[in-house]
Amino acid sequence: MNVKHATQGFGELDIGIAELDLQHRHLLHLLERLRDSTDKRYGYAANAILEELAVETRIHFAVEESLMRLLAFPEIDIHLAQHRLLTEQLHKLRQRAQDFDVADGLSGFIQTWLLDHVDNFDRKFVAHFVAMGVDPLAVPRPK
Ligand SMILES: [Fe+2]
Ligand SMILES: [Fe+2]
């Protein structure tokens, strides 16, 4: 699956918890920008996007992990292991991303990883969260 197709089809991958879906969409938007920047020429733009992606990924994982802990999600350990794996792989790829070819491959790699993770892991906690009282439609209030 390439990045363009994956992003276009992301509506089908919404897990049904509005705030997390917003975060997933933002991460995928960053991936799309990363792909666009590496299509042209890898350089400052891609580095900045990778940096933002790393920060946003860390925040997103922290939110999910807090919810899983607070709501006693039974499969938290395996989910956390997946987050750690993605974080390590992202870190390694960022270290190697000075090379255009690596950066180009990076976009598709992370995209696939993220989409697979959302579909195979994030989706699993939704019923538990809702049963524990999470409002699936709650979104951040405008500032
Ligand atoms: Fe997620
Ligand atoms: Fe997750």
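Ligands are counted one by one from 1 in listed order, and the atoms in each one are counted from 1 as well.
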Exercise. So H79 and H83, would you call those rings parallel, tilted or perpendicular, with 30° and 60° as cut-offs?
Worked result: perpendicular
Exercise. Measuring to the Fe ion (ligand 1), does H117 have an N/O/S atom at a distance below 2.8 Å?
Worked result: no
For this session: For residues F125 and L67, determine if any side-chain heavy atom of one lies less than 4.5 Å from a side-chain heavy atom of the other.
Result: no
Exercise. Any chance the side chains of H60 and E56 put a donor and an acceptor closer than 3.5 Å?
Worked result: no
For this session: Give, rounded to 10 degrees, the angle between NE2 (H79) and NE2 (H83) as seen from the Fe ion (ligand 2).
Result: 90°
Exercise. For D122, what is the atom name of its N, O or S atom nearest to the Fe ion (ligand 2)?
Worked result: OD1
For this session: Using only N, O or S atoms, tell me which atom of E64 is closest to the Fe ion (ligand 2).
Result: OE1
Problem set entry | From L85 atom CG to L80 atom CG, the distance as rounded to the nearest 0.5 Å | 12.0 Å
